[in-house]
Asks: 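The following block contains the structure, expressed as structure tokens.
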There are 4 protein chains.
Amino acid sequence: MSPKVSQAYKEERKAIILEGALHCFIEKGFQATTIDDIVRHLGISKGAIYSYFASKEEMYIQMADDKMNAMLENSTELFKTMPSAADQVRYMYGRFRNQSLNELRRWMAFHLEFMLYAARQPHLTERWNEYADKALVFIQDIMDGGKQTGEFRSDLDSAAAARLFWSIRDGLALQYMLSGEEADYRRTIDDMESMVFRYMLS
Amino acid sequence: MSPKVSQAYKEERKAIILEGALHCFIEKGFQATTIDDIVRHLGISKGAIYSYFASKEEMYIQMADDKMNAMLENSTELFKTMPSAADQVRYMYGRFRNQSLNELRRWMAFHLEFMLYAARQPHLTERWNEYADKALVFIQDIMDGGKQTGEFRSDLDSAAAARLFWSIRDGLALQYMLSGEEADYRRTIDDMESMVFRYMLS
Amino acid sequence: MSPKVSQAYKEERKAIILEGALHCFIEKGFQATTIDDIVRHLGISKGAIYSYFASKEEMYIQMADDKMNAMLENSTELFKTMPSAADQVRYMYGRFRNQSLNELRRWMAFHLEFMLYAARQPHLTERWNEYADKALVFIQDIMDGGKQTGEFRSDLDSAAAARLFWSIRDGLALQYMLSGEEADYRRTIDDMESMVFRYMLS
Amino acid sequence: MSPKVSQAYKEERKAIILEGALHCFIEKGFQATTIDDIVRHLGISKGAIYSYFASKEEMYIQMADDKMNAMLENSTELFKTMPSAADQVRYMYGRFRNQSLNELRRWMAFHLEFMLYAARQPHLTERWNEYADKALVFIQDIMDGGKQTGEFRSDLDSAAAARLFWSIRDGLALQYMLSGEEADYRRTIDDMESMVFRYMLS
DNA sequence: TATGAATGAGAATTCATTCAT
DNA sequence: GATGAATGAATTCTCATTCAT
């Protein structure tokens, strides 16, 4: 009648599986990763995975949820102690710069693949849009903060600026996805950053 | 006297097949589209397809080649009668603006999916990079022209500017890939355009 | 508690599949036998076969390995209690004689077909040559033993004699492959045997 | 009503096609050779082939017929001017020796493949046996000749000797089919020859 | 709960043969 | 007669998911 194992145990188990699956997805891509790959990587059984997740897709969704929430929570927390909106934007660019091109490529591939996959499946499109909105609002809030403190120009359309922020960031990642040198990449980030600042200030 | 058909017939046939395949790829995605889907859609036999194209991949490559060449040829031709580099850049943004969001989404999804696919297959990565290079050089040439005529600032790094141009364009497409309104999309293009111009002039 | 079956079970399963495959190969030939034929014959699923053997080729290789090893092990064991090299050679001819012509034909056809197939595929050619070498060395060792005991002439080239031994044996099988009577076959074996002995003694 | 082209033209055409097909079969094997290979090699159309031969198999059979007849006719003709049976046998060994190992391998593969193919098809088995009988009788006749002239021992079983002759020859070819050096091959032919002579004389 | 062997519906690609021109 | 584009059944191999133990 009562569960044989604690809820905590189950959560832990799920987390471990998700971690292993993420590793594989990033390594080979979602479609190319087989359940056997995950099983081999984790050293557990196929059945174990299926007793926690209904399908490969389910794992994917869970993973994206977790990742997005973690990102938002971390940054929100941090920004409480960072009063300047400009600093916050600079911090974001610092994050981009600190990521190696290799890391970026792997992550971007995973990210894009999910988006594409979502684009074909109505029930996922909605979910994806939630993520996108959260990310947008997150930056928009910074922009609004900057307008209030007078750091950014008062007529800045913060929604548009947020769109622009992510567009530039995603486009950059896309540009360097398959080719390009680490040094060029970093230089382009700098260019982007200064361009964005000029846009927000002037 | 014989089915030794004309070259024109063959070209036409290839074009028809490519068109049908593109339809399916856009509908379901490159990987999700099976040869049977294409065959069914076109009402021809599997063999017919394979007598014109060695593989599904080959079809994509042909499509991308065609599209890229058409883009370059059209623009090159047109730009002969358009002496101002700034006008040329403006023309490019006009093209982006003229594409409906729907069109953009379909094409972008297909395009990205293949990029992802190519990223996992060395022989395709190279091919993909060739396209990227061509597109980059195309813009870079415009930038160089603008520097010579004095339209753009003389210390502009035209290679970097070309990267930036495409990054912004791709990022924008990515942003609007799954959500966003047509009107917002156009407005963001305008923002991007003015931002890029500011970058090239100041 | 679990389907984590014993190693013995797996070995048994492999053996069953191999047996079924051999049956089909002998019936229809290696190339003409489809995986579906084997599946139908065994009443199992395609996947089951592929979880034990990576390919049709792999099955053949396994079969050939098993057969060769069994042959070598049996004989080696037996020959420990058979000091005379001449007796050992006679024993080998006895084995040939004990095989029914029908058995020989089926086995030979299968065997040859794979050789032909291997001849066109470098990675298999090597494998095939290993078998041939093992068989050659096996007889060569007998010949060397016979020279030491003085049973065979001291100037016998044992490598050449081994080649000759198998050539005659294979040629005989080939001759009777499609036609000929059981009685003739046995008589020719006798002829061959006496001819070979004369060669080794004189 | 009357044929548009002469019978002679047709025969010539068939011969050309057969020659081209043989070239391909020897190069790649019967099963591995596609009609397209033959068409490409000959520079004619698929339809042309099918208007002369009903199937790939038909070509194969015709080819084997021709080859066997040519071999027999040539040798029979030659042997009219070669009174010694021993010389005739020596001549045959000379032929084997004059064939390069490479040539032998290709030819043997073709030969064997047909045999194997024939073994699975009753209507071809019969035909194959006819060839084999012809070859057997051809040697048997030499043996009988040698007995009459006193060159070979009078109690020689010429049918058995003919079997033996071909067995040794085929076995040798088989032995060297996939591996072995040219020099070894020739030496083994010599060994075989002397062994066979000893058998016929002693 | 955990296990992993088994399933079987596909997937891409090949090629002998046909037949309209 | 000649041509070669078109056909489509057949083939090998994959992999998400199930379920008996």
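Bear in mind that the values here come from a model prediction, so they are computed numbers and not experimental data. Throughout, a chain's letter reflects where its sequence line sits, starting with A, and its residues are numbered from 1.
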Asks: Quick check: closest heavy atoms across C/K56 and C/Q31, and the distance to 0.1 Å?
Replies: NZ-O, 3.3 Å

Asks: What is the distance, rounded to the nearest whole Å, between atom CZ of D/F53 and atom C1' of E/dT17?
Replies: 16 Å

Asks: Between A/K28 (NZ) and F/dT14 (P), how many Å, whole number?
Replies: 12 Å

Asks: Does E/dA2 have OP1 or OP2 sitting under 4.0 Å from an N or O in the side chain of A/Y9?
Replies: yes

Asks: In whole angstrom, what separates A/K56's NZ from F/dT14's P?
Replies: 15 Å

Asks: Side-chain N or O of B/S45 versus OP1/OP2 of F/dT7: is the shortest distance under 4.0 Å?
Replies: yes

Asks: Using purine N1 to pyrimidine N3 plus N6-O4 or O6-N4 for Watson-Crick, or N1-O2 and O6-N3 for G-U wobble, each under 3.5 Å, what pairs with F/dA2?
Replies: E/dT21

Asks: Tell me, please, which residues at least two apart from A/E19 pass side chain to side chain contact (heavy atoms under 4.5 Å, CB included).
Replies: none

Asks: For D/S51 and for A/T33, locate the closest nucleotide of DNA chain F by heavy-atom distance; then report the residue assigned to the nucleotide nearer the 5' terminus.
Replies: D/S51

Asks: Is the distance from OP1 or OP2 of E/dC15 to the nearest side-chain N or O of D/Y50 less than 4.0 Å?
Replies: no

Asks: For F/dT14, take OP1 and OP2 only and decide whether either is under 4.0 Å from a side-chain N or O of A/T34.
Replies: no

Asks: Go ahead and name the base partner of F/dA10; Watson-Crick or wobble counts if both distances stay under 3.5 Å, otherwise write none.
Replies: E/dT13

Asks: If you find the nucleotide of DNA chain F closest to D/G43 and the one closest to A/A32, which residue's nucleotide is nearer the 5' end?
Replies: D/G43

Asks: Can we say C/K14 and C/D66 salt-bridge, meaning some charged N sits less than 4.0 Å from an Asp/Glu carboxylate O?
Replies: no

Asks: Rounding to a whole Å, what distance do you find between A/D36:CG and F/dC13:P?
Replies: 18 Å

Asks: What is the distance, rounded to the nearest whole Å, between atom NZ of C/K46 and atom P of F/dA10?
Replies: 12 Å

Asks: Round to the nearest Å and state the distance from C/I38 atom CD1 to E/dT7 atom C1'.
Replies: 17 Å

Asks: With respect to the phosphate group of E/dT1, does any side-chain polar atom (N or O) of A/R13 fall under 4.0 Å of OP1 or OP2?
Replies: no

Asks: Under 30°, 30 to 60°, or over 60°: which ring-plane class applies to A/H41 and A/H23, parallel, tilted or perpendicular?
Replies: parallel

Asks: Would you call the rings of A/F114 and A/W128 parallel, tilted or perpendicular, taking 30° and 60° as the class edges?
Replies: tilted

Asks: Between P on F/dT12 and CD on D/Q31, what's the gap in Å once rounded to a whole number?
Replies: 12 Å

Asks: Between P on E/dT1 and CD on A/E12, what's the gap in Å once rounded to a whole number?
Replies: 14 Å

Asks: Of the listed nucleotides (F/dT12, F/dA6, E/dA12), which one gets closest to any side-chain atom of B/I35?
Replies: E/dA12

